[in-house]
Amino acid sequence: MTPLKRGDVTALGGFTLNIRDVLERPVFQRARLIAGAGGTGRKVGWVHILEIANVAPYVTKNDLIMTTGLWLRHYEQERLSYMQQLIRQEAAGLCVELGTSIENIPQEIIELADASDFPLIVFEQPVRFVEITQDIHGLLINQQHQMLKDLEAFSRRLQQITLQSTDVNAILHVLYEYTGMQVVYYSTVDTNKFMPRGISASAAEEITALYRGRVEGSESAHQEAGMFALPQERLLLTQPVICLGQTLAHVGLVLTNRHVQERLTLLLDSTAKSLASLLLRMLFLEEKMLRDQNQLIQDILNHQIKDEEEARMRMGLRPPKQSEMWFAGGMIETEYEEEADRDRIESDQQDLLVRLRALLKKYALQNLLMQKGRRIYVLCARDRSAKEDTPVSLQQTIRKIVERLQHPASGVPLFRLHAGFGLVRNRMTDMHRSFKEAEQVLEVARSRVAVQDGLFYDRIGVYRLLKAIPAESLESFVQDQLGALIAYDQEHHLHLLQTLDMYLKCMGSKNDTAKALYIHRQTLYNRLDKLMEILGEDYLEPERRVCLEMALLALPLLA
């Protein structure tokens, strides 16, 4: 990505002055283009009169140089050096007055100008350079003045929009009206937008992928204006939208040619500032909304809301008589290694909250969110607008969201994510029960227990019963059933607990157990003998076996 430089833009207003335009001015009626005809499209930004040989320090890009040709009296190599300096500095062209210092242009100068498409213009009779500079500079200054007036009008219109609404599309539409070019809005916190909206899906994805790969991956590009190439000889001119020191979005224009106009960069900069003001106001409104949401979730957790209509009204939903809905309450929690950086954890938590909010919006789930430390409380709601809208369909949507959070497109997260949701219900005032159930699902998930589809309370099976038992009673039960075995394993390291677990899972098949544990059959026989010795000969009897299996299931929950 190439940052914009002042010398890269010389067009003023909607008007670009180039060599072709200059040759049509009245003051150039007696001028003749003798070389570099392929460069007549070069832009002219200013006019300079230079008679010295070492011109490089005094020439900037797009300068049109006027001279009487004193430098042509030097040796051939010095004459060529003069021209090479102008070409390297990307001057717009060279105008030479004949008859004052020289009578003709050497052939090698003409050939160099032609080879470089560098316009070489001669006046075959003496002219007043001051008239030329006044004419061109007056034209440029007038265009600059007009551009500033247009920019002021553009800024006023944007200001009116930001004061009247929080509609990002309205601002993008004004930029499109003023430029007539494809406008791109790439957001890190919201959906991407394009104006006009008729852009094809492939073209939109092409631009979005470019932002993801080249802007998001670079800290400098993330916070600086710039331009980079698109296929088919196009450019994407882009400007970051920075709010409170953070880049929240980028606004860009797709240019169909490689001439970047100063007017476009100024319009883009003004648009970015207006978008920043709008997003800042939206952030403050969102912050207030979040405080209200936090209080509402807190009231639900404490079971302080008994009236269903009041609960739905505070969430912004229709009254229960007008709409039947499904509700699901849950929690999402992150777990880091002990040495994890605190700043990184806070940054990840904010990113997770933003991604979660965006996914809930994408899947059209109305929601309340509350963040406390590394835990996010989530309350989802969806209309029962069709027969297929069932608790299972809501669970499937929530599962997709959690899977996206666990496996982001940007790569592997540096944390382990746990999530749990209670039963889906049709009353918001019952959500305090769902949050308690979600807490139990989270505790099961933290214990590393392998429960298939264990994201929801109704899918964790017998663990619902185990979590309902007081911890002290559960620990006593496990100790009664497995205490002797645990003590023996700690002293002799024979993995008897693991062997018992696998033996019961394999329904008493010695061959399957040995294969699952990757041990020799004789080793298994020795362990089984020791199990019988410690647990007693009846440990495979139905009632005793059930107790052992329940204790094995409960053991990870006590860790």
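Small disclaimer: the values here were computed from a predicted structure and weren't measured.
Arg416 and Thr334 form no side-chain donor-acceptor contact under 3.5 Å, judged by distance and modelled atom types alone. Residues Gln298 and Lys372 have side chains that bring a donor and an acceptor to within less than 3.5 angstrom of each other. Checked by atom type, the side-chain pair Glu335/His418 shows a donor-acceptor distance below 3.5 Å. If you check the side chains of Arg234 and Thr256, you find no donor sitting under 3.5 Å from an acceptor. Side-chain atoms of Asp299 and Gln295 include a donor-acceptor pair closer than 3.5 Å.
The closest side-chain heavy-atom distance from His432 to Asn302 is not below 4.5 Å. Under the 4.5 Å side-chain criterion, counting only non-hydrogen atoms from C-beta, Leu296 is in contact with Ile305. Contact of the Arg527 side chain with the Leu517 side chain is registered, since non-hydrogen atoms from C-beta on lie closer than 4.5 Å.
Under the side-chain contact (heavy atoms from CB on, under 4.5 Å) criterion, Asp167 pairs with Ser165, Asn169, Ala170, not counting sequence neighbours. Remark: Gln440 engages Tyr457, Lys467 in a side-chain contact (heavy atoms from CB on, under 4.5 Å) (not counting sequence neighbours).
Note on ring orientation: taking the six-membered ring where Trp is involved, the planes of Phe421 and Phe456 are tilted (angle from 30° to 60°).
Residue-environment remark: CD (Glu310) exceeds the threshold of 12 foreign heavy atoms within 6.0 Å.
Atom CD of Gln293 and atom CZ of Arg314 lie 11.0 Å apart (nearest 0.5 Å).
No cation-pi contact links Arg425 to Trp326, judged by a cut-off of 6.0 Å to the six-membered ring centre and 45° from its axis.
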